[in-house]
Every structure is written in structure tokens, then in C-alpha cells.
Amino acid sequence: MRRAGPDPSSVRLSGPWTHRAVSANGIRLHVAECDGGGPLVVLLHGFPEFWWSWRHQLGHLAELGFRAVAVDLRGYGDSDKPPRGYDLWTLAGDIAGLIRALGESRAHLVGHDWGGLIAWTVAALHPRLVRSLAVVGAPHPLAVRAAVVRDPRGQGRATAAYALGFQLPRLPERSLRAEDGARVARILRARAGAEWVASPDFAEAAACYRHAIQVPGVVHSAMEYYRWALRSQFRAEGRRFAAAVARSTAVPLLQIHGAQDPCMLVRTAAASQRWIGADHRLHVLPATGHFPHEERPGETNALLAGFLAT
């Protein structure tokens with residue numbers, strides 16, 4: 001008999017934020033909020049994390065006067081985990097619905113990894129809702145798609161190292177849940193810079209993410225993101241999506257990238273220029289892996305503060 005996983009509410013970790021559920025796009029999304037009284041900033045996490053990956057940014061943004069909201073994406077944490085809807089069309093609709101449900105007409109979007117890909121998509125499909133866009137370790141979706149083909153020894157190999165294995169049925173789910181989520185810690189260690197891996201903050205983060213991946217339904221939902229991403233490339237849906245996000249992003253845009261990111265290469269991030277307007281900044285942080293907002297929160301917070309202030 002399979003052991004039941006942790007209660008979803010166990011990811012509502014305490015801190016200088018408040019937790020609540022928000023109905024958006026037909027599902028219930030869990031958010032953690034620090035309200036500084038100003039413009040809305042929505043923070044979107046990646047894999048294998050949950051809202052807590054923004055713990056270093058929530059309070060800081062509120063102190064700067066922003067209304068900072070970190071959300072558990074569809075399928076993660078204490079948000080709903082429906083059987084479908086893990087395509088970028090629907091995920092972008094979740095965030096567009098969340099902005100409206102929070103009573104705002106526009107928001108600054110900050111996204112990491114999958115959260116960054118979602119943020120790019122919201123800016124393309126729902127441009128009137130986006131004030132600015134900041135992406136962390138997340139090139140434009142079409143830059144990733146092109147680089148996988150044109151840079152097979154670089155981005156192609158980096159993507160295949162994890163994404164292909166996630167296409168298998170059931171096996172990735174069992175692997176990620178095994179030994180209390182031990183593989184999650186290995187994934188974090190392989191993708192992060194050495195300085196963070198050696199720190200107490202990494203040990204705490206790894207323990208939290210190992211716990212969160214075992215919440216019932218999370219690991220399957222997380223794999224569905226990757227399965228849609230690959231399979232859509234061979235379907236008409238993928239061509240329609242590529243056409244929909246091909247227009248240049250008109251809002252101000254900040255890219256923060258780790259120089260040692262083994263998942264999304266710096267040259268792939270730089271290739272995003274094709275889909276970016278004139279107001280664009282790319283900052284590459286040295287000795288940093290795939291998680292700049294956790295590995296170097298001070299530098300990341302400073303970059304976000306300077307960008308959002310303008």
C-alpha cells in the first residue's frame with residue numbers, strides 16, 4: 001500500500017507573509033503575499049520548487065513598496081492539481097486570471113525556470129496585463145526551441161540531459177518520490193553553483209523541496225509540463241503556440257542568468273534578443289548556477305530593485 005504524502009497545506013511555511021487561496025482560470029491557486037501597498041509584483045517559481053523559492057525576495061520587495069505575491073503554480077504546493085492544463089497556453093491563463101483576481105489591472109512579472117517561460121508567454125498572449133518582465137534562468141521559449149536544434153552539443157545536450165527522461169510514463173514520478181525525494185536534492189546540487197551548495201541555505205532549501213515534491217499529485221503535474229513541451233513540438237498545437245509568442249515583447253525586460261547555468265545556457269539566454277524590444281537588460285552573475293534568486297539573493301534583489309524602480 002502506497003504511503004500517503006504530506007498534506008498540501010504543509011507548504012504554507014511561516015514568515016513575513018500571509019497565505020491565502022485565490023480562484024483564477026477555473027482553479028484555486030495558493031499565494032503567499034507581502035503587501036507594501038504599491039504596484040503588484042507576481043513571482044513565478046520553477047522546477048522542482050514551489051512558492052517558497054522567492055523567500056528572499058518577498059519581504060524585500062514589500063519594503064520597497066511593492067505588493068509582492070508568490071504563487072504555487074498549477075500542480076504545485078497547495079494549488080489545485082487538475083488532470084490537465086499543463087500547457088503554456090493554460091498556465092499563462094492561470095497567471096492572467098490571478099492578476100485580475102487580485103484586483104489589479106496590471107502587474108510586474110518575475111519568473112524563474114518554468115515560471116520564466118510562463119511569464120514570457122503571459123507577456124505575449126496578455127500584454128495589457130504586464131507592466132514589466134523579469135526572467136531568471138529562463139530564455140524566451142522560442143530561443144530554447146531554436147537552440148535545441150541549432151546548438152545540439154550545447155543547449156540540445158543540456159535539455160536532453162533531463163527533459164527526455166521525464167517523457168517516460170510513471171518512472172520519473174517514482175524516481176522523484178523515492179527515498180523521501182532524495183533525487184530532488186541531487187537535481188538541485190547538479191544545477192546550482194558550488195558556493196550555494198556548500199551553504200546552510202542550500203541544505204534548508206533541499207529539505208523543503210524534497211518535502212514539497214512528495215505532496216500528492218505534485219510530481220505527476222510537474223512531469224506534465226515537460227511532456228507537453230516536447231510532444232507539442234510534433235503537433236499543430238506547437239506551431240500555433242510558436243506563432244502566438246513570436247511577436248517582440250514590448251514591455252521593459254530584465255534577464256538575470258547564472259554564468260554556470262547547466263540547464264539554460266547563457267548563449268541561449270542572449271539569443272532571446274530576437275524577441276525582445278528596445279528596453280532590455282541582460283545580467284550574467286559569475287559563479288552562479290540555475291538558481292540566481294536563491295544562490296545570490298542580494299545581487300538578484302538589487303537588480304530587481306533597480307529595474308522595477310525605473
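Note that these values count all heavy atoms, side chains included, but never hydrogens, waters or copies made by symmetry. Values in this document were obtained by computation on a predicted structure and should not be read as measured data.
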Are any non-hydrogen side-chain atoms of [X] and [Y] less than 4.5 angstrom apart?
X      : Y      : value
Leu308 : Leu64  : no
Leu285 : Leu303 : yes
Leu61  : His108 : no
Ile27  : Pro82  : yes
Val42  : Glu104 : no
Trp52  : Val11  : no
Arg189 : Phe202 : yes
Val31  : Leu98  : yes

Determine, step by step, whether Asp94 and Ile118 satisfy the side chain to side chain contact (heavy atoms under 4.5 Å, CB included) criterion, reporting the C-alpha distance in whole Å, the side-chain angles of both residues, the deciding distance to 0.1 Å, and the verdict. CA-CA 10 Å; Asp94 290 347; Ile118 294 169; over 6 Å; no
Counting only N and O atoms by type, is there a donor-acceptor contact under 3.5 Å from the side chain of [X] to the main-chain atoms of [Y]?
X      : Y      : value
His257 : Thr268 : no
Thr300 : Pro292 : yes
Arg247 : Ala124 : yes
Asp113 : Gly115 : no
Gln155 : Val149 : no
Ser232 : Ala229 : yes
Asp80  : Arg28  : yes
Gln214 : Ala4   : no
Asp72  : His30  : no

Look at Arg210 together with Asp180 and state whether they make a salt bridge at an N to O cut-off of under 4.0 Å. no
Ionic contact status for Arg227 with Glu224, cut-off 4.0 Å: yes
How many angstroms lie between [atom1] in [X] and [atom2] in [Y], if you round to the nearest 0.5 Å?
X      : Y      : atom1 : atom2 : value
Leu91  : Leu125 : CG    : CG    : 11.0 Å
Cys208 : Ile213 : SG    : CD1   : 13.0 Å
Arg12  : Asp78  : CZ    : CG    : 4.5 Å
Gln273 : Leu253 : CD    : CG    : 9.5 Å
Ser105 : Arg128 : OG    : CZ    : 12.0 Å
Leu13  : Glu204 : CG    : CD    : 8.5 Å

Could you tell me whether His293 and Trp54 have their ring centroids closer than 6.0 angstrom? yes
Ring centre gap for Phe47 and Tyr162 strictly below 6.0 Å: no
Side chains of Ser9 and Asp7 only: does a donor on one sit below 3.5 Å from an acceptor on the other? yes
With no hydrogens and no angle check, do the side chains of Asp87 and Thr90 hold a donor and an acceptor under 3.5 Å apart? yes
Honestly curious: do [X] and [Y] fall in one hydrophobic cluster under the side-chain, below-4.5 Å linking rule?
X      : Y      : answer
Val251 : Leu40  : yes
Tyr209 : Trp114 : yes
Trp89  : Leu29  : yes
Val22  : Ile99  : yes
Ile187 : Val197 : yes

Non-hydrogen atoms of [X] and [Y] that approach each other most closely:
X      : Y      : result
Ala287 : Ala259 : N-CB, 4.4 Å
Ala158 : Pro262 : CB-O, 3.3 Å
Gly77  : Pro8   : O-CB, 3.8 Å
Gln260 : Gly193 : OE1-CA, 4.4 Å
Arg131 : Pro252 : O-CD, 3.5 Å
Leu58  : Ala32  : CD2-O, 3.8 Å

Intermediate values then yes/no, side chain to side chain contact (heavy atoms under 4.5 Å, CB included), Ile95 and His126: CA-CA 10 Å; Ile95 304 309; His126 308 277; over 6 Å; no
Counting only heavy atoms not in Arg231, do more than 12 sit closer than 6.0 Å to its CZ atom? yes
Is the number of heavy atoms from other residues, nucleotides or ligands within 6.0 Å of CD (Glu179) greater than 12? no
Show the numbers, then the answer: is there a side-chain hydrogen bond (donor to acceptor under 3.5 Å, both in side chains) between His56 and Asn301? CA-CA 8 Å; His56 300 300; Asn301 289 350; over 6 Å; no
Is there a side-chain hydrogen bond (donor to acceptor under 3.5 Å, both in side chains) between Ser221 and Tyr86? Walk through the geometry before answering. CA-CA 7 Å; Ser221 299; Tyr86 299 98; 3.1 Å; yes
Cation over ring face, Arg145 and Phe241, 6.0 Å, 45°: no
Among Leu133, Val144, Leu109, find the residue that satisfies the side-chain contact (heavy atoms from CB on, under 4.5 Å) test when tested with Trp120. Leu133
Sole candidate of Glu294, Glu295, Glu195, Arg296 that passes side chain to side chain donor-acceptor pair (under 3.5 Å) when paired with Thr288: Arg296
Using side chain to side chain contact (heavy atoms under 4.5 Å, CB included), reason through Ser79 and Arg74 one step at a time and then give a plain yes or no. CA-CA 6 Å; Ser79 289; Arg74 173 185 291 245; over 6 Å; no
In sequence, state the C-alpha distance, the side-chain angles, and the governing distance for Ser53 and His112, and then conclude on side-chain hydrogen bond (donor to acceptor under 3.5 Å, both in side chains). CA-CA 9 Å; Ser53 73; His112 167 249; 5.6 Å; no
Is the ring pair Trp51/His19 parallel, tilted or perpendicular, if the boundaries are 30 and 60 degrees? perpendicular
Verdict with supporting geometry, Phe291 and Trp196, side chain to side chain contact (heavy atoms under 4.5 Å, CB included): CA-CA 9 Å; Phe291 310 94; Trp196 186 46; 3.9 Å; yes
